[in-house]
Amino acid sequence: MDELTKLSLNNVQITSNFWKRYRDLIAKDSVSFQWDMINDKGKMDVTNAAAAGGAADHSGAIENLKIAAGRSKGHHFGFPFQDTDVYKWLETVSYVLKYHFDQKMKDEADWTVDLIADAQDDDGYLSTYFQIDAPERKFKRLQQSHELYSMGHYIEAGVAYYESTGNQKALDIAEKMADCINNHFGPEDGKIHGYDGHPEIELALSKLYEATKNKEYLNLAKYFITERGRDLDFFDRQNKADGIDNDFFPELRTLGERYYFADKPITEQKDAHGHAVRVLYFCTGLAHVARIEHDEKLLKSANTIWNDIVKKQMYITGNVGQTPAGEAFTYDYDLPNDTDYGETCASVSMAFFTKQMLANDFAGKYGDVIEKEIFNGALSGIALDGKHYFYANPLEADPLASKLNPEKKHISLRRSSWFACACCPANITRLIASLDQYLYEVHDDVILSHQFVANDAQFNDGVEIKQRGNFPWDGNINYEIENPNLTHFTFGIRIPAWSLDKYVVKVNGKGVDTNLENDILYLPISDKATEITLELNMGVHLVRANAKVRTDVMKVAVQRGPIVYCVEGVDNQEPLWNYVLGQNPSFNYRYQSSLLNGVGTLSTDDVYYLEDEDNDGNLYTFDKPKTAQKSRLTLIPYYAWANRDEKQMNVWIQQAEI
Ligand code: FUB
Ligand code: ZN
């Protein structure tokens with residue numbers, strides 16, 4: 001190879017014990033379970049309709065496609081975007097088949113692709129609600145119709161399935177769909193000058209462009225990105241023409257353009273607002289297109305929104321979207337813990353957005369957020385059995401409050417098997433099944449390892465990297481790099497924010513200069529074999545929020561490595577809010593293989609429990625000092641909460657700080 005080596009990643013096999021368990025669970029249990037759900041075979045156990053788009057006893061998602069394909073008769077069932085549950089399942093399967101081949105699963109997926117092809121109109125259109133029950137309204141009420149959202153999800157699935165199995169039909173459907181959209185939308189006269197109320201198509205078209213190199217798809221993605229927010233009357237005009245109250249979601253008509261992140265062109269947007277998943281899907285496409293096009297303006301906008309979220313609107317766990325009202329962002333530093341929404345889809349899409357940002361710019365902060373999501377906010381969306389899911393992910397929960405306080409009724413203390421609006425289950429499974437895509441970024445002669453997920457990875461020119469370790473429980477990471485052709489390249493390792501104060505790196509047993517660039521350590525590699533060891537700081541951190549965050553004043557969160565911990569009523573005395581940590585609490589860490597499928601727990605005796613004073617049953621007492629008793633507190637990883645009895649939970653704990 002010549003001076004500037006162009007490296008590329010060929011393959012990654014995840015070997016991490018922690019992640020192998022999750023990925024095998026998805027392959028063996030979640031995929032077949034979800035298949036039953038979308039085929040109306042399993043029992044739908046919606047624990048909390050308030051956080052699930054209402055109650056429903058079946059999905060109808062495959063049946064809708066059968067009706068559209070002429071294989072069955074009847075009306076459409078469910079939300080206008082019901083098709084997406086099938087597409088996200090198909091996308092999960094695409095990734096699973098790469099690490100756990102299963103002929104039955106592949107047969108079901110092939111059958112599904114054939115069904116989708118049959119359901120697709122000759123012109124490429126596919127949205128079963130409109131095909132079955134309202135063909136005259138196609139593309140006429142984009143504020144609420146989710147047509148491009150639904151087709152975007154198919155395009156993602158089609159590309160993934162084609163790339164995983166070589167199924168050409170899966171890609172053909174996607175291209176036909178994109179061509180149909182291209183025929184209807186764009187700046188040219190006679191086309192619709194508008195966009196979907198729910199972004200998704202932007203990121204999907206960018207992926208389709210990468211797979212096909214058809215520039216039209218990239219141009220169309222860019223059109224949707226730059227058009228959004230330019231014509232503030234677009235949705236209203238369409239709604240009026242379609243019949244003003246002919247809504248799919250009446251509550252979505254009057255929310256205003258802000259809710260749709262369509263109140264200004266993206267280059268004028270300064271913060272994340274409105275529906276969280278809409279913003280994050282949009283920004284994923286934005287950052288992707290900006291990178292391919294080297295568009296500095298769009299990149300700057302992506303940066304602005306990412307920074308606003310991470311610096312001012314993201315929970316310590318990575319959850320985003322502070323209010324159930326519209327599943328939305330609220331405002332900077334408003335981070336209520338017991339009413340938040342933190343939709344699983346929002347955390348998953350925050351990982352999507354951040355992955356795109358990292359591909360644009362190798363900086364440790366992006367790897368930090370991906371890590372935060374995969375070990376905390378997004379991961380809490382799936383139960384340890386792989387067959388139950390959270391829609392909302394609070395940082396504080398109380399069964400009584402969820403039952404009796406209407407403002408907290410969206411907070412479930414048990415994950416549901418499925419939802420009437422089932423966007424979250426297959427979103428978290430597709431993220432975990434594609435985790436191998438989240439470990440490295442490669443640019444020219446630089447390989448960046450930004451996640452500590454043990455794996456074997458093969459690059460071009462014979463370069464192989466093995467990462468070993470028992471992360472997230474252990475901070476000793478080992479890399480073995482084989483470089484048979486003596487290629488000269490640079491190997492980057494992200495040093496996580498929680499370990500920047502203390503870490504040790506050795507190359508072939510010798511200490512090295514640990515100067516970092518944007519929290520990344522760069523090491524020149526040119527030998528045939530190189531061994532790198534990294535010791536991360538696995539001490540327990542007390543995390544404090546910025547003082548502008550009202551709800552976390554005088555409180556701390558406890559973090560060890562990437563894992564944010566929580567306190568659960570199962571292990572501790574309720575009410576949990578009476579615990580007050582001492583000023584410098586020390587924690588014992590213990591890995592418990594038989595608890596919650598194997599977790600590291602923390603416990604401390606440097607804690608007080610506020611006593612229930614002798615107040616004769618009075619709600620208030622005058623001038624009576626509070627007393628407290630020495631106590632003991634046990635913490636478990638946040639992602640693993642709500643897998644036992646329904647009890648209180650909180651992440652933030654009071655601390656006697658002064
Ligand atoms: O609107 C489609 C999906 O349903 C959104 O992405 C989720 O937030 C849920 O509202
Ligand atoms: Zn969701």
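Atoms within a ligand are numbered from 1 in the order they appear, just like the ligands themselves. All values reported here derive from a predicted model rather than from experimental measurement. Numbers for residues simply follow the sequence, beginning at 1.
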Closer than 2.8 Å to the Zn ion (ligand 2), what protein N/O/S atoms do you find? Glu343 OE2, Cys345 SG, Cys423 SG, Cys424 SG
Is the centre of the Tyr389 ring less than 6.0 Å from the centre of the Phe419 ring? no
His198 ring center near Tyr149 ring center (under 6.0 Å): yes
List the steps, then state whether side chain to side chain donor-acceptor pair (under 3.5 Å) holds for Glu202 with Tyr195. CA-CA 10 Å; Glu202 304 78 0; Tyr195 35 82; over 6 Å; no
Which protein residues have a heavy atom under 4.0 Å from ligand 1? Phe81, His146, Tyr149, His198, His275, Val277, Glu327, Glu343, Tyr391, Cys421, Cys423
Tell me which pairs pass ring-ring contact (aromatic ring centres under 6.0 Å, His included) where either residue lies in residues 243-271, with sequence neighbours left out. Phe79-Phe249, Tyr129-Phe248, Phe130-Phe248, His146-Phe249, Phe235-Tyr260, Tyr259-His275, Phe261-His273, Phe261-Phe282
Set of side chain to side chain contact (heavy atoms under 4.5 Å, CB included) partners for His58, sequence neighbours left out: Asp40, Phe77
Can you confirm whether the side chains of Asn393 and Thr344 place a donor and an acceptor under 3.5 Å from each other? yes
Tyr87 and Glu91: side-chain donor and acceptor closer than 3.5 Å? no
Please state whether the rings of Phe33 and Trp418 are parallel, tilted or perpendicular, taking 30° and 60° as the class boundaries. perpendicular
Find the distance between CG (Asp85) and CD1 (Ile38) and round it off to the nearest 0.5 Å. 7.5 Å
